[in-house]
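Each residue takes its place number in the sequence, starting with 1. For ligands, and for the atoms within them, numbers begin at 1 and follow the listed sequence.
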Amino acid sequence: MKENSYNKYSDWHDILSNSINRAEDLEKYMPVDKSVINSVTEFYPMRINPYYLSLIKNKADHIWKQAVPDLNEIEDKSGFDDPLCEESQSPVPNLTHRYPDRVLFMVSNQCAVYCRFCMRKRKVGHPFIVSDSTINTGIDYIRENKTIHEVVISGGDPLLLEDDAIDRILKDLRSIKHIEILRLHSRVPCTLPQRITKKLVAILKQYHPLFINTHFNHPDEITAEATLACAALADAGLPLGCQTVLLKGVNDNPSVMQTLMKKLLTIRVRPYYIHHPDVVRGTSHFRTTIKEGLCIMRSLHGHASGLCVPQYMIDLPGGGGKIPLLPEYIKSVSDGKIMVENFKGEIFSYPE
Ligand SMILES: *Cc1c(COP(=O)(O)O)cnc(C)c1O
Ligand code: SF4
């Protein structure tokens with residue numbers, strides 16, 4: 001792997017604009033199959049910024065798998081472009097209103113890296129999906145619907161917008177009386193931590209209560225840079241959560257997942273969800289079984305601090321929403337007592 005230094009870039013814009021999006025450029029750093037990459041990127045764009053590229057140590061390692069296009073993305077005939085029916089539950093473009101009290105609001109279709117497993121593969125990186133006009137329409141919808149108490153600002157990655165655009169969106173949402181909680185979903189603390197500048201943090205901290213959920217999938221993503229970014233956010237009073245995606249060949253392993261969850265806690269990020277991968281076309285090579293997911297959860301409960309045990313979620317096809325899955329700890333229910341199994345596999349009787 002040829003050495004790649006991102007330190008020569010002056011700021012996050014500069015890092016981002018030097019991202020790799022063509023097979024020819026990736027080949028300068030590592031041997032790749034150019035024809036495969038070119039055929040995949042006709043449908044699903046590639047973007048690997050120099051910082052994230054620097055985390056790749058070997059061909060086909062866990063960082064590579066998340067960022068480098070794979071032939072299966074276009075050969076996979078299983079799944080759906082939009083299994084969760086985000087579009088049909090969209091009263092206005094780029095806003096999904098599934099739960100009565102909260103909405104998912106897409107304000108950017110750009111990301112610092114285009115993750116190959118993305119559940120919004122159909123949208124991210126494609127031109128003209130998000131505009132000032134869709135953002136304004138979304139804000140109007142939220143203003144008019146008083147049952148909404150929380151806005152999940154998502155994308156793409158909202159933190160790829162410029163500071164003043166982020167400031168304006170947060171200010172507009174904060175000015176709506178019935179909005180209590182703001183939540184921002186961003187992968188930049190992991191994929192482009194340089195984006196978390198002093199200026200950005202100063203903007204964000206004006207809009208409390210503002211929660212940030214980020215997205216780390218492997219312990220090797222928790223670098224010195226990511227640690228600094230999360231510290232800056234946490235110091236500004238922004239509670240940090242993490243939504244990890246269970247991915248075959250990346251983190252589908254109890255020991256890797258346990259290390260990741262424990263390391264997240266040390267950088268003040270509280271694991272929130274582990275998502276079972278959705279049935280999205282072009283991502284079947286990342287899919288594991290629910291059984292494996294439950295086995296990983298069993299390796300966390302009791303074995304790791306409760307602070308670093310997230311909920312394991314499946315998102316129901318057809319837009320039914322998310323539900324948590326738990327390993328079966330109740331062995332039987334009878335005559336006023338239940339039989340349960342503890343984390344060591346020992347059986348106990350507990351009065352009902
Ligand atoms: C995931 C999701 C949310 C947020 O759900 P939480 O369980 O509160 O994290 C809201 N709206 C939509 C459409 C979602 O998919
Ligand atoms: S950062 Fe999130 S939205 Fe963007 S490509 Fe990755 S998973 Fe998808």
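The number of heavy atoms from other shown groups lying within 6.0 Å of CZ (Phe348) is above 12. Annotation for Lys8: atom NZ counts as buried by contact number, over 12 foreign heavy atoms lying within 6.0 Å. Applying the 6.0 Å contact sphere to NZ of Lys146 captures no more than 12 heavy atoms from other residues, nucleotides or ligands.
Of the options Arg281, Lys123, Lys121, a salt bridge (charged side-chain N to carboxylate O under 4.0 Å, His left out) to Asp81 is made by Arg281 and by none of the others.
With a heavy-atom cut-off of 4.0 Å, Arg183 touches ligand 1 through its side chain alone. With a 4.0 Å heavy-atom cut-off, ligand 1 is reached by the side chain of Lys322 but not by its N, CA, C or O.
Ser284 and Asn72 share a donor-acceptor pair across their side chains, judged by distance under 3.5 Å alone.
Distance alone, capped at 3.5 Å, places no donor-acceptor pair between the Asp278 side chain and the Val280 backbone. Looking at Thr214, its side chain does come within 3.5 Å of a backbone N or O of Ser186 through a donor-acceptor pair.
Under 2.8 Å from atom 6 (Fe) of ligand 2, one finds the following protein N/O/S atoms: Cys115 SG.
Less than 4.0 angstrom separates some heavy atom of Arg98 from each of these atoms of ligand 1: 13 (C), 14 (C), 15 (O).
Considering only non-hydrogen protein atoms, atom 8 (O) of ligand 1 sits nearest to Arg102 NE, 2.8 Å. At the top of the distance list for atom 12 (C) of ligand 1, counting protein heavy atoms only, stands Leu104 CB, 3.9 Å.
If you check each of Tyr272, Tyr99, Tyr273 against atom 7 (O) of ligand 1, the one with the closest non-hydrogen atom is Tyr273.
How far CZ of Arg22 is from CD1 of Ile20: 10.0 Å, rounded to the nearest 0.5 Å.
Taking every heavy atom of both residues into account, Ala23 and Ile37 meet most closely at CB-CG2, 3.7 Å.
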